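Bear in mind the structure is a predicted one, so any value in this text is a computation, not a measurement. Each ligand, and each atom within it, is numbered from 1 in the order the structure gives.
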Amino acid sequence: MNISEKLIAKLSEAKKVCVLTGAGVSAESGVPTFRGGGSAAVWKGMPFDEISSAKMVRENLSEVWEWFDYRRGVLAKCAPNPAHVILAEWETRFVEFTLVTQNIDGLHRRAGSKNPIEVHGSINRSRCVECSRTVLMDAGTIPHEPDKCMDCGGNLRPDVVLFGEMLPAGAFEKASEKAENCDLFFVIGTSALVYPAAMLPEIAKSRGAFLVEINPEETPLTRFCDESLSGKAGEILPGLNEILKGHA
Ligand code: OAD
């Protein structure tokens, strides 16, 4: 792995570190990514963006739950990989550390991250369509429980951002405030195509942060980065962590 002297220095001096992750960070855990690899997900003949849509929640909530329970079942058999584990360790390694994830798979939390900002929600939470109360679900309980809101009896839906929906209130604002104020920003395993999450590296760089990408493929961000590490997150992050330990 080719890591520049500049990145080694930045890593050892950094006080405020921010990381944005996408589906690629979970690829080595066996979770399929959205783009690339030629595998457009289809559920009962319905394309991914149709079954995972706000329209389907309104028109056929039980079908949406069947699909999400199926995905929860697949995820229950996946385990966090070294990239998740190291990012969880980094929470206590820097003066300030912020993990922002676009992933709903819950693997960062399962690896020990206490405070990820989940800008697209979590597959392990449900939300009442009436009063918005959220309920944490046991990752291993399939089908989901409970079925109705314990406060108002309303229908529950997965607490994730579906196609055609806005991000949860406050999540992006919190993430962008951290991006504005960090000195080192990592963008890991995301195609950097889906906004507004893809704005975060741009915000960080425009405020003077050193921007590092970890991805085996080029993205629209690659040329914009101060350093681009081409490879798998589960292989590159352990290498960076060793460097960090050497400077502890
Ligand atoms: P994508 O599927 O668009 O991109 C995954 C990225 O991970 C690609 O750039 C791959 O090259 C990279 N990758 C693959 N294996 C990797 C590995 N082992 N290590 C590091 N990188 C690897 O996924 P996202 O960018 O996360 O939104 O997609 C963003 C959003 O699009 C998702 O959160 C989802 C979707 O619409 C919602 O569901 C709201």
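The atoms of ligand 1 that sit less than 4.0 Å from any heavy atom of F163 are 36 (O). Residue A27 has at least one heavy-atom neighbour below 4.0 Å for each of these atoms of ligand 1: 15 (N). Residue A23 has at least one heavy-atom neighbour below 4.0 Å for each of these atoms of ligand 1: 23 (O), 24 (P), 26 (O). Taking every heavy atom of E217 and a limit of under 4.0 angstrom, the matching atoms of ligand 1 come to 11 (O). Listed by number with element, the atoms of ligand 1 under 4.0 Å from a non-hydrogen atom of G189 are 5 (C), 6 (C), 7 (O), 20 (C), 21 (N). For ligand 1, the atoms lying closer than 4.0 Å to a non-hydrogen atom of E28 are 17 (C), 18 (N), 19 (N).
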Take L11 and F186 through the test side chain to side chain contact (heavy atoms under 4.5 Å, CB included) and record every step on the way to the result. CA-CA 11 Å; L11 197 57; F186 287 93; 3.9 Å; yes
Apply side chain to side chain contact (heavy atoms under 4.5 Å, CB included) to residues D226 and K205 and explain how you reach the verdict. CA-CA 9 Å; D226 294 297; K205 170 117 181 162; 3.1 Å; yes
Step by step, work out the side chain to side chain contact (heavy atoms under 4.5 Å, CB included) result for E63 and M56. CA-CA 8 Å; E63 192 91 56; M56 274 301 282; 3.9 Å; yes
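The aromatic rings of W90 and F97 sit perpendicular to each other, their planes meeting at more than 60°, with 30° as the lower class boundary.
With a 4.0 Å cut-off on non-hydrogen atoms, V194 touches ligand 1 through its side chain and not its backbone. Residue contacts with ligand 1, taken as heavy atom pairs separated by less than 4.0 Å, involve H120 solely via side-chain atoms from C-beta onward. Residue A233 touches ligand 1 through backbone and side chain together, judged by heavy-atom distances below 4.0 Å.
A cation-pi contact, defined as under 6.0 Å to the ring centre and within 45° of the axis, is absent between K6 and F210.
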